[in-house]
Student: 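Please read through the structure below; I'll follow up with questions.
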Amino acid sequence: MADTDRQVIVVADPVEMARAAAERIMARIDGNEGRIALCLSGGSSPKQLYRLLASDVYRRRIPWHRVHWFIGDERFVPEESPLNNMGEARRIFLDQWAPASNVHAVPTFAPDPDDSAERYARALKSFHGADAFGPDRPLFDLVLMGAGPDGHTASLFPGDPALDESERWVVGVPRAHVEPFVPRVTLTLPTLGSCREMLFEVAGSEKRAILTRLFNGENLPANRARSIGGQTVWLIDHAARPESFRGQ
Ligand code: 6PG
């Protein structure tokens, strides 16, 4: 898997990673005078970033009325559950600062993940104002991503047929390969890739093994996720950096 279009930035630790991610988000916001679409990620890695965005320094810089918040994948649990990705982002910062109508959560009250996925796809298409995306008009300004210990990203797991989905924007995932073992709803690779910037955050020594595999070019979901026509940036911290990696 060619990764020449991936830029890797090594930072000291998770604190510096959150700051670097926040600055990249601000650069995307500042570069767009109109409506901004940011797609958040789940898991534990982005929580520090979310706390930072809620801090005085950043929340004053964010034009909240024109920023719309989406989520790249969701655990199929009620929004009040601590496992719900958008629920966590809301509790940490969105409920405090973002207009409710700018927060676009996956409807986990739907009868099942497939139905929920269809509803979210409709919401995305209506927001985008089109049923298709082109590199000249990406869906998102920035998509935040993480990488799991098995190389998954969003809720796209190794070997899952959802990885090859080219038509549907969002799909239901009946079984997660890692904890929490709840069904998921995930944006597909073309949808996630329709962005000006895809930004990965990967930190901690427990991620070193999978980063080694990913940077060796293994055909894993996190290696297949990239911005189509924009920038793909990986923020990794010192603890996660593979020994063989001499980039920075
Ligand atoms: C989720 C995710 C998932 C996550 C990675 C990394 O719902 O769990 O969106 O893809 O981003 O597993 O998670 P950590 O940041 O917790 O390592």
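Just so it is clear, the values below take in all heavy atoms, side chains as well, and ignore hydrogens, waters and symmetry mates.
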Student: Give a yes or no answer on whether the side chain of T232 reaches the backbone of M198 with a donor-acceptor pair at less than 3.5 Å.
Tutor: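 Such a contact is absent between T232 side chain and M198 backbone.
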Student: Are V170 and L144 connected into the same hydrophobic cluster when the rule is that any two of I, L, V, M, F, W, Y join if their side-chain heavy atoms are below 4.5 Å apart?
Tutor: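 Yes, same cluster.
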Student: Is the closest side-chain heavy-atom distance between F215 and R241 below 4.5 Å?
Tutor: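 Counting from C-beta outward, F215 and R241 never come under 4.5 Å.
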Student: How would you list, by chain and number, every residue that makes a ring-ring contact (aromatic ring centres under 6.0 Å, His included) with Y120, sequence neighbours excluded?
Tutor: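 Here no residue qualifies.
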Student: Within 45° of the axis and under 6.0 Å from the centre of the six-membered ring of W64, does NZ or CZ of R59 qualify?
Tutor: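 Judged by the rule, R59 and W64 form no cation-pi pair.
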Student: Does a side-chain heavy-atom distance below 4.5 Å link I36 with H68?
Tutor: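 Result no, sub-4.5 Å side-chain heavy-atom pair not found.
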Student: Which residues pass the salt bridge (charged side-chain N to carboxylate O under 4.0 Å, His left out) test with R28, sequence neighbours left out?
Tutor: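 Salt bridge (charged side-chain N to carboxylate O under 4.0 Å, His left out) check on R28 returns E197.
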Student: Kindly write out the residues that satisfy side-chain hydrogen bond (donor to acceptor under 3.5 Å, both in side chains) with N216, not counting sequence neighbours, or none if the list is empty.
Tutor: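 Checked N216 against side-chain hydrogen bond (donor to acceptor under 3.5 Å, both in side chains); zero matches.
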Student: Determine which pairs satisfy salt bridge (Lys or Arg N to Asp or Glu O under 4.0 Å) with at least one residue from residues 91-112, sequence neighbours left out, and list them in order.
Tutor: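 Passing the test, one end in residues 91-112: E88-R91, R90-D95.
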Student: Would you please test K47 and E201 for salt bridge (charged side-chain N to carboxylate O under 4.0 Å, His left out) and show each step?
Tutor: CA-CA 11 Å; K47 289 187 181 174; E201 282 194 300; over 6 Å; no
Student: Taking all non-hydrogen atoms of both residues into account, name the closest pair between L52 and S55 and its distance.
Tutor: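 Closest heavy-atom pair between L52 and S55: O-OG, 2.5 Å.
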Student: Side-chain contact, heavy-atom cut-off 4.5 Å: E74 with R184?
Tutor: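 Not touching, per the 4.5 Å side-chain cut-off.
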Student: Does the D237 side chain pair with the main chain of V11, one donor and one acceptor, at a distance under 3.5 Å?
Tutor: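 Pair absent, no side-chain N/O of D237 close to backbone of V11.
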Student: Could you give me the CA-CA distance, side-chain angles and deciding distance for L94 and M86, then say whether side chain to side chain contact (heavy atoms under 4.5 Å, CB included) is met?
Tutor: CA-CA 9 Å; L94 294 176; M86 188 59 113; 3.8 Å; yes
Student: With no hydrogens and no angle check, do the side chains of S155 and D73 hold a donor and an acceptor under 3.5 Å apart?
Tutor: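 Yes.
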Student: Measure from the side-chain N and O atoms of N32 to the backbone N and O of R35, and report whether any donor-acceptor pair falls under 3.5 Å.
Tutor: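 Judged by distance alone, yes, a pair lies under 3.5 Å.
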Student: Under the side chain to side chain contact (heavy atoms under 4.5 Å, CB included) criterion, do I9 and R24 qualify, and how do the steps go?
Tutor: CA-CA 12 Å; I9 300 173; R24 298 197 73 88; 3.6 Å; yes
Student: Using atom types as modelled and distance alone, determine if a side-chain donor or acceptor of T188 lies under 3.5 Å from a backbone N or O of W169.
Tutor: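 Checked: pair present.
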Student: Go through T191 and S194 one step at a time and tell me if the side chain to side chain contact (heavy atoms under 4.5 Å, CB included) criterion holds.
Tutor: CA-CA 5 Å; T191 314; S194 180; 5.9 Å; no
Student: Under 3.5 Å, side-chain donor or acceptor atoms of residues 122-139 against the rest of the protein: list the pairs with distances, not counting sequence neighbours.
Tutor:
unit_1	atom_1	unit_2	atom_2	d
R137	NH1	H128	O	3.3
R137	NH2	H128	O	2.9

Student: Give a yes or no on whether V182 and V171 share a hydrophobic cluster (residues Ile, Leu, Val, Met, Phe, Trp, Tyr; joining criterion: side-chain heavy atoms under 4.5 Å apart).
Tutor: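 Looking at the clustering, V171 is in a separate group from V182.
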Student: Can you establish whether the number of heavy atoms outside E206 located under 6.0 Å from its atom CD is more than 12?
Tutor: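 Counting other residues, nucleotides and ligands, CD of E206 exceeds 12 neighbours.
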Student: Does P149 offer a backbone N or O that forms a donor-acceptor pair with the side chain of K207 under 3.5 Å?
Tutor: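 It does not hold such a pair.
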Student: Treating Ile, Leu, Val, Met, Phe, Trp and Tyr as nodes and any side-chain heavy-atom pair under 4.5 angstrom as an edge, say whether M17 and L49 lie in one connected cluster.
Tutor: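 Yes, it is one cluster - the side chains of M17 and L49 are joined through contacts under 4.5 Å.
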Student: Find out if a path of hydrophobic residues (ILVMFWY) with successive side-chain heavy-atom gaps under 4.5 Å connects W97 to I29.
Tutor: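 W97 and I29: one cluster.
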Student: Would you say that L199 contacts V143 through its side chain, given a criterion of any heavy-atom pair below 4.5 Å between the two side chains?
Tutor: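 A side-chain contact is absent here, since even the closest heavy-atom pair is not under 4.5 Å.
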Student: Look at the side chain of T108 and the backbone N and O of V77, then say whether any donor-acceptor pair between them is shorter than 3.5 Å.
Tutor: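 Yes, because the side chain of T108 sits within donor-acceptor range (under 3.5 Å) of the backbone of V77.
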Student: Not counting sequence neighbours, which residues clear side-chain hydrogen bond (donor to acceptor under 3.5 Å, both in side chains) with R66? List them please.
Tutor: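 In terms of side-chain hydrogen bond (donor to acceptor under 3.5 Å, both in side chains), with neighbours along the sequence ignored, R66 is linked to no residue.
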Student: Does L189 reach the side chain of L163, with side-chain heavy atoms less than 4.5 Å apart?
Tutor: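 Yes - at least one pair of side-chain heavy atoms lies under 4.5 Å apart.
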Student: May I ask you to test the L187-L156 pair for a side-chain heavy-atom distance under 4.5 Å?
Tutor: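 In short, these two side chains do not touch, never coming nearer than 4.5 Å.
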Student: Take I236 and L211, measure what side chain to side chain contact (heavy atoms under 4.5 Å, CB included) needs, and give me the verdict at the end.
Tutor: CA-CA 9 Å; I236 67 171; L211 266 189; 3.7 Å; yes
Student: Do the side chains of L38 and I228 join up, straight or via other hydrophobic residues, at under 4.5 Å, putting them in one cluster?
Tutor: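 No: no chain of side-chain contacts under 4.5 Å links L38 to I228.
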Student: If you look at every heavy atom in P113 and P183, which pair is closest and at what distance?
Tutor: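 Heavy atoms only, the tightest pair is CG-CB, 3.7 Å.
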Student: Does Q96 have more than 12 heavy atoms from other residues, nucleotides or ligands lying within 6.0 Å of its CD?
Tutor: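 Yes, the 6.0 Å shell around CD holds more than 12 heavy atoms from other groups.
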Student: Is a donor from one side chain sitting under 3.5 angstrom from an acceptor on the other, for N223 and R6?
Tutor: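 Yes, because at least one side-chain N or O of N223 sits under 3.5 Å from a partner of the opposite role on R6.
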Student: Could you pull out all residues at least two apart from F93 that satisfy ring-ring contact (aromatic ring centres under 6.0 Å, His included)?
Tutor: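 Residues passing ring-ring contact (aromatic ring centres under 6.0 Å, His included) with F93: Y50, W69.
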Student: What's the verdict on salt bridge (charged side-chain N to carboxylate O under 4.0 Å, His left out) for D164 and R224, showing C-alpha distance, side-chain angles and the deciding distance?
Tutor: CA-CA 10 Å; D164 297 314; R224 292 177 58 179; 2.9 Å; yes
Student: With R168, which residues qualify under side-chain hydrogen bond (donor to acceptor under 3.5 Å, both in side chains), at least two apart?
Tutor: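 Partners of R168 by the side-chain hydrogen bond (donor to acceptor under 3.5 Å, both in side chains) criterion, ordered by chain and then number, come out as E165.
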Student: State which residues pass side chain to side chain contact (heavy atoms under 4.5 Å, CB included) with D13; sequence neighbours excluded, sorted by chain then number.
Tutor: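 Checked D13 against side chain to side chain contact (heavy atoms under 4.5 Å, CB included); matches are V15, E16.
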Student: Only counting residues at least two apart or in another chain, list the ones meeting side chain to side chain contact (heavy atoms under 4.5 Å, CB included) with D150.
Tutor: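 D150: side chain to side chain contact (heavy atoms under 4.5 Å, CB included) contacts with H152, F157, P158, H177, V178.
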Student: Should S116 and F76 count as side-chain neighbours, where that means a heavy-atom distance under 4.5 Å?
Tutor: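 Side chain of S116 against side chain of F76, heavy atoms only: contact under 4.5 Å found.
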Student: Which pair of non-hydrogen atoms, one from G172 and one from A117, has the smallest distance, and what is that distance?
Tutor: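 Looking at all heavy atoms of both residues, the shortest contact is N-CB, 3.6 Å.
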Student: Considering residues at least two apart in sequence or located in another chain, which fulfil the side-chain hydrogen bond (donor to acceptor under 3.5 Å, both in side chains) criterion with S227?
Tutor: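 With neighbours one apart ignored, the set is empty.
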Student: So do the side chains of F200 and V233 get within less than 4.5 Å of each other, counting heavy atoms only?
Tutor: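 Of all side-chain heavy-atom pairs linking V233 with F200, none is under 4.5 Å.
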Student: Linking directly or through intermediates, with side-chain heavy atoms under 4.5 Å: list the remaining ILVMFWY members grouped with F181, chain and number order.
Tutor: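 F181 shares its hydrophobic cluster with no other residue.
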Student: Please determine, by modelled atom types, if N85 and R75 share a side-chain donor-acceptor pair under 3.5 angstrom.
Tutor: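 Side chains of N85 and R75: pair found under 3.5 Å.
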Student: A222 and T153: which non-hydrogen atoms are nearest, and at how many Å?
Tutor: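 Of all heavy-atom pairs spanning A222 and T153, the closest is CA-CG2, 3.8 Å.
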